[in-house]
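One-based numbering along the sequence shown. Predicted model only: the values in this text are computed from it and were never measured.
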Amino acid sequence: MIESPMLVHLFTHVIMKASIFVLFIAALLLCRAPTALSVTCNPVELSSCAGAILTAAPPTAACCAKLKEQRPCFCQYKQNPNLKGYINSDNSKKVAKSCGVPIPTC
């Protein structure tokens with residue numbers, strides 16, 4: 001099988017972005033904080049959405065459930081420089097819309 005350099009580059013780029021996303025999520029375990037709705041803000045809970053956010057694939061039911069659960073935490077995540085780019089990305093907005101989860105204005 002002949003591998004296209006462009007395809008290899010694209011695959012490497014997606015893997016690298018996914019790795020960075022997972023590392024930021026893991027690093028933010030220390031930033032967990034409860035909200036008034038008794039939801040523990042934990043960005044790792046959104047890891048089931050990584051594929052949809054990074055590749056524009058349709059979100060899974062598990063992703064949508066976690067988005068709904070973590071919605072009270074979105075403003076906190078938007079204020080975090082490590083997560084802001086993911087929360088504000090076009091793909092994140094598409095995933096949230098597809099799941100019927102409104103993004104709050106903070």
| query | Are any of the side-chain heavy atoms of N91 and L54 separated by less than 4.5 Å? | reply |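 Not in contact.
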| How long is the span from the CD atom in Q76 to the CG atom in L83, to the nearest 0.5 Å? | 9.0 Å
| task | Calculate, to the nearest 0.5 Å, the distance between atoms SG and CG belonging to C99 and L67 respectively. | result | 5.0 Å
Which pair of heavy atoms, one from [X] and one from [Y], lies closest together, and at what distance?
{"X": "P104", "Y": "F74", "result": "CD-CD1, 3.6 Å"}
{"X": "I53", "Y": "S89", "result": "CG2-OG, 4.1 Å"}
{"X": "C64", "Y": "V101", "result": "O-CG2, 4.5 Å"}
{"X": "N88", "Y": "K78", "result": "OD1-CE, 3.3 Å"}
{"X": "Q70", "Y": "V39", "result": "NE2-CG1, 3.9 Å"}
{"X": "N82", "Y": "N80", "result": "N-OD1, 2.7 Å"}

| query | Who passes side-chain hydrogen bond (donor to acceptor under 3.5 Å, both in side chains) against S48, sequence neighbours left out? | reply | none
| field | SG-SG under 2.5 Å, C49 vs C63 | value |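 Yes.
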| request: Check step by step if side chain to side chain contact (heavy atoms under 4.5 Å, CB included) holds for E45 and E69. | output: CA-CA 9 Å; E45 294 291 322; E69 174 188 297; 3.8 Å; yes
| With no hydrogens and no angle check, is any side-chain donor or acceptor of R71 less than 3.5 Å from a backbone partner on I103? | no
